[in-house]
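The structure appears right after this line, and notes come after that.
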Amino acid sequence: MDFPILSILVIVPLVGALLTLFMGGARAPKAKFIAAAFSAVTLVLAVYLLTIKPEDLADLTENYVWFKVSGVVKMNIIFQIDGLSILMVFLTALLVFLVVLFSWHEENNANYYHSLLLAMEVGLMGVYMAADYFLFYIMWEVTLIPMFFLISWYGGPRRHYSAIKFFIYTHVASVIMMIGIFIVVFSAHDGSHAVSFAFADVAANSALSEFMQIFVFGLLFFGFAVKMPVPPFHTWLPDAHVEAPTGGSVLLAGVMLKMGSYGIIRICLNQDIFSLAFGFWQPVMIGLGLFAMVYGAYACIAQNDLKKMVAYSSISHMGMVLVGMGCMSEIGIQFAIFQMFAHGIISGVLFMVCGIAGHNFGTRDMRLLGGMAGKFPVYATFMMFGFMASLGLPGLMGFIAEFGLLYGLWTYLAAHSLEWLIVFGLLDMMLTAGYYLWAMQKTLFGKLTDKIDLEHCHDIAKNEIAVLAVLCGLIALFGIMPSVAMDFITPYSSVLGPALEALL
Amino acid sequence: MFESLADKVLDLTGEVAYIIPQAIIIVAALLAPLLYFLTKNGKIPAIVSFILAVGAACVCLGYMHTKTYGTAFGLFEFNAFSGLMMCLFLAVAGLTIFVSPVHSETTKHQGEYYALIMAATAGMMFAVASNSLIGIFVSVELVSITSYATVALKKNDPRASEAAVKYLLIGAFSTALTLYGMSMIYGALGTITLSELGYRFSEVGVNWVVLMGSVALIAGYGFKIAAVPFHSWAPDVYEGASTPVSGFLATASKKMGFAVLFKIFFALFIFAQAIQYQPIQYIFAIIAAITMTVGNMVAISQTNIKRMLAYSSIAQAGYIAIALAVMSQYAVTGAIFHMFTHVVMKGGAFVIVAALITAGLGENISDYKGLAKRAPLVAAAMMLCLFSLAGIPPLAGFTSKFVLFSSAIYVNGEVVTEWLWLILIAVLNSAMSLYYYARVVKTMYIEEGESTEKLVISKVFMVAIALCVIGIIVLGVYPQPLLRLCRTAAIALLGF
């Protein structure tokens, strides 16, 4: 470990967040340059990580002792990166940088806005790289406060309610997760030395009874499921999304929801700790996942607000991730991770498109829009591209993920003689195609609307085009060549998947 | 260098050395009215008291650094635990005195005011140092009586008088209970020396008289720590008293109550712990659960910031009481650590309230609307204090709660499920408390106030607030040095 690149990935945005925080008053308009510079450096470092061979990633691990309590308990700062986290780290760095560019014209207290974005990045990077339960939990909670302020300062009309609801709902989930962490960590000691919170130390010594495994898995799963979110614990999400500013929504859907699914793979699906709990929880995860898929898609159809529709579609797509994880097979895990990555990029496009509608046209209400394609062709192209990617058009990223996940689901169902359940998977695909096509028909095509003041509508700005073009380019790239991303994922999933399969 | 200095002090003074910190504070208490009488300037006694408090704290730290531990006259013991607690009391007293001269609610009778604060501090220091029941009782009385007077000193406010009378009556009742409990324990065990209590108790065995005496003691000192159901005085007193005094009572006086409970009950049950003396542990666990739940639930409906902070400090007392239920070294370490973090976060919050009152703002939460624009730094500091109280990482309150809560699952080297229910209640409470803390943050940052005029905050207040904020961040991010001291203190207290 010559160059502590992983800590630097956390420290760079932290420094940027502090710098921009104190750039109030007349210097506020310059904050965006600082934010862009710091997030660009982070992105460059994250891209550098992608160039390292997967088998060499373990060499980057950094390990420091943070503090000890009473000689009984040891907290560490351990950063590590592997096939599960590397794409998430890249996604975080990418989205934060693009969001900074996308919000280039944000003028209302711009320095705080950028400071909050960078603070989010600190927490997210920390979550995805932490290899210590204590550090993981801290970073998990650190993401809450910036998002709370992003929603409550820069959000829509009901932002106060949504921000508080988001804050408390997810905080309750995390404290319950904390109890789970306590039990996992403290049960994994051999009495000879201080209890360590490090993932590796805990996994090496874990000894929970079957009942406790099932119970603790449940506590942790609840904490992660609220974040994903899995219905019936999803009600904070539509509110938070609808009221959040565009940049906040992109980060919320793009990387913050992934914290939940990441946590499930990283912490719950740990064959050293919960080997006896998988049998109990697998059907629950598949069932909840299928329910989330169909429920989310069904709820989308009823929405008039474009952004709320996209928010529910996130629930549906994260349900798919849950199904993939629930398969507990190599293909399920592999495509769950791929879907996390794909949804991160696609939902970025979707929320930016919705944000532009709200900002440039003054409304996101589909009943008021119509025929926008004729007037704003560039905007319409991006919107169609995003929607098509999300509904799983072959050749784009979303298709690969959905295809793989459905295949994984089918394998699971066939093995358990539950083939008829695939109907829900197909129903979800139909509904998804339905609501997206319907939404496009209502907003982009048909007669040009006379319900909004078209004089004051303005076209998509240059910086927005640039950002959307980058994301759409990535969607097409990974759609045609998924192996580029799969090469990062496979080393991880090909170890975890068979290990899980062997236990079931 | 320190060692030779400590040796010299010991040579010169003998065992008096072990009460030098208290002696310094008593000198301050005597000097304050004299200086005020001579100069008629409130700042002089404040400065002198502050300097002497800092000096006494330095002496304590020096003794702890050189491990100069011992007992004066067989009555007052200076060890790692009492030394650390003295530092805590002196820090709170220092903070209170530091902001008092510039605070608008501070009484005109400043000589008496500083004398009373110093005397109360001396009482707390004697209480944690005492090694007999009577010593503890007398020291606690010193604290109580001076506290009544300090509250009543805010003379022209009827709320303060009401609070003082209520405090006095309830305090007198609790004193009686305490003494009754002590007499029962003395009657059953035949000793008042703490170090002999445990031994005698293990000889006598489970004894209803001791149990009843313990319950009376819990009730008596329960008033001091404002544990539910003995908490009703706290909101009125904190609301009625001058704000720095509220902070002083909420942080120092309450911690003394805990320190005394720790001392007595660990001394009593130190051998009993081997036989799992559960009735007392369960009493504490139930008190802890009820205290935190009631404190948090009632805090939600408060509209006055001082009352809200009062209920929140009742809830915090509930968290600390977990250590009394669990009775392990790890738990006590966490409890002492939480006392310190509570000083910076709750003390910080009270100092901020005092600063805002001085700047002309009201005490209602609705008066804080738009504060982020009127006083951005103070609002940010308040936000940090409140989020720390709610236990949001990486602030101090999170670290200490983490240690405290985890101690109830990991007892003496193994995972126990006995206290799982208590921890479940505790974390749910912790989550619930976020609601009312976040509401204040929302009021400050999001709601528009009627006035947008900048508030002028005195530099003295800013320094005090900055110290608390630094404490909150440092104790959250780098708790190791203080945790090590807390652990040493816990070992000194428990004897293992």
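What you are looking at is a predicted structure, and each value in this text was computed from that prediction instead of being measured. A note on names: the letters A, B, ... follow the listed sequences, proteins ahead of strands, and every chain is numbered from 1.
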Is [X] in contact with chain B via its backbone, its side chain, both, or neither, using a 4.5 Å heavy-atom distance?
X: A:I164; result: side chain
X: A:I181; result: neither
X: A:M139; result: neither
X: A:F215; result: side chain
X: A:W66; result: both

For each of A:F148, A:F197, A:W140, tally heavy-atom pairs with chain B at distances under 4.5 Å, and name the one with the top tally.
-> A:F197
Measuring heavy-atom distances to chain A, does [X] have an atom under 4.5 Å in its side chain, in its backbone, in both, or in neither?
X: B:F337; answer: neither
X: B:S407; answer: neither
X: B:F398; answer: side chain
X: B:M432; answer: neither
X: B:V332; answer: neither

Can you list the steps and then say if A:F149 with B:Y445 is a ring pair (Phe, Tyr, Trp, His ring centres under 6.0 Å)?
-> CA-CA 9 Å; A:F149 279 110; B:Y445 274 89; 5.3 Å; yes
Steps toward ring pair (Phe, Tyr, Trp, His ring centres under 6.0 Å) verdict (A:Y128, A:Y262) = CA-CA 8 Å; A:Y128 292 132; A:Y262 173 86; 5.0 Å; yes
Listed by residue number, which members of residues 420-430 of chain B have a heavy atom under 4.5 Å from any heavy atom of chain A?
-> B:L420, B:I423, B:L424, B:V427, B:L428, B:S430
Greater than 12 external heavy atoms within 6.0 Å of B:K373's NZ = no
Please indicate whether B:E453 has more than 12 foreign heavy atoms, meaning atoms of other residues, nucleotides or ligands, lying under 6.0 Å from its CD.
-> no
So which of B:T417, B:V403, B:V441, B:I392 has the largest heavy-atom pair count under 4.5 angstrom toward chain A?
-> B:I392
Report the option among B:A390, B:P479, B:P376, B:C486 that has the most heavy-atom pairs separated by less than 4.5 Å from atoms of chain A.
-> B:P479
Under 30°, 30 to 60°, or over 60°: which ring-plane class applies to [X] and [Y], parallel, tilted or perpendicular?
X: A:H171; Y: A:F167; result: tilted
X: B:Y330; Y: B:Y410; result: perpendicular
X: A:Y133; Y: A:F199; result: perpendicular
X: A:F217; Y: A:F221; result: parallel

Distance (rounded to the nearest 0.5 Å) between A:E243 CD and A:S152 OG |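 One gets 11.5 Å once the value is rounded to the nearest 0.5 Å.
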Do B:T341 and B:T399 come within less than 4.5 Å of each other through their side chains, counting heavy atoms only?
->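 Sidechains of B:T399 and B:T341: no contact.
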Given A:Y112 and A:Y154, is the ring pair (Phe, Tyr, Trp, His ring centres under 6.0 Å) satisfied, shown in steps?
-> CA-CA 10 Å; A:Y112 293 133; A:Y154 301 94; 8.4 Å; no
Only one of B:I472, B:I465, B:L395 passes side-chain contact (heavy atoms from CB on, under 4.5 Å) with B:C385; say which it is.
-> B:I472
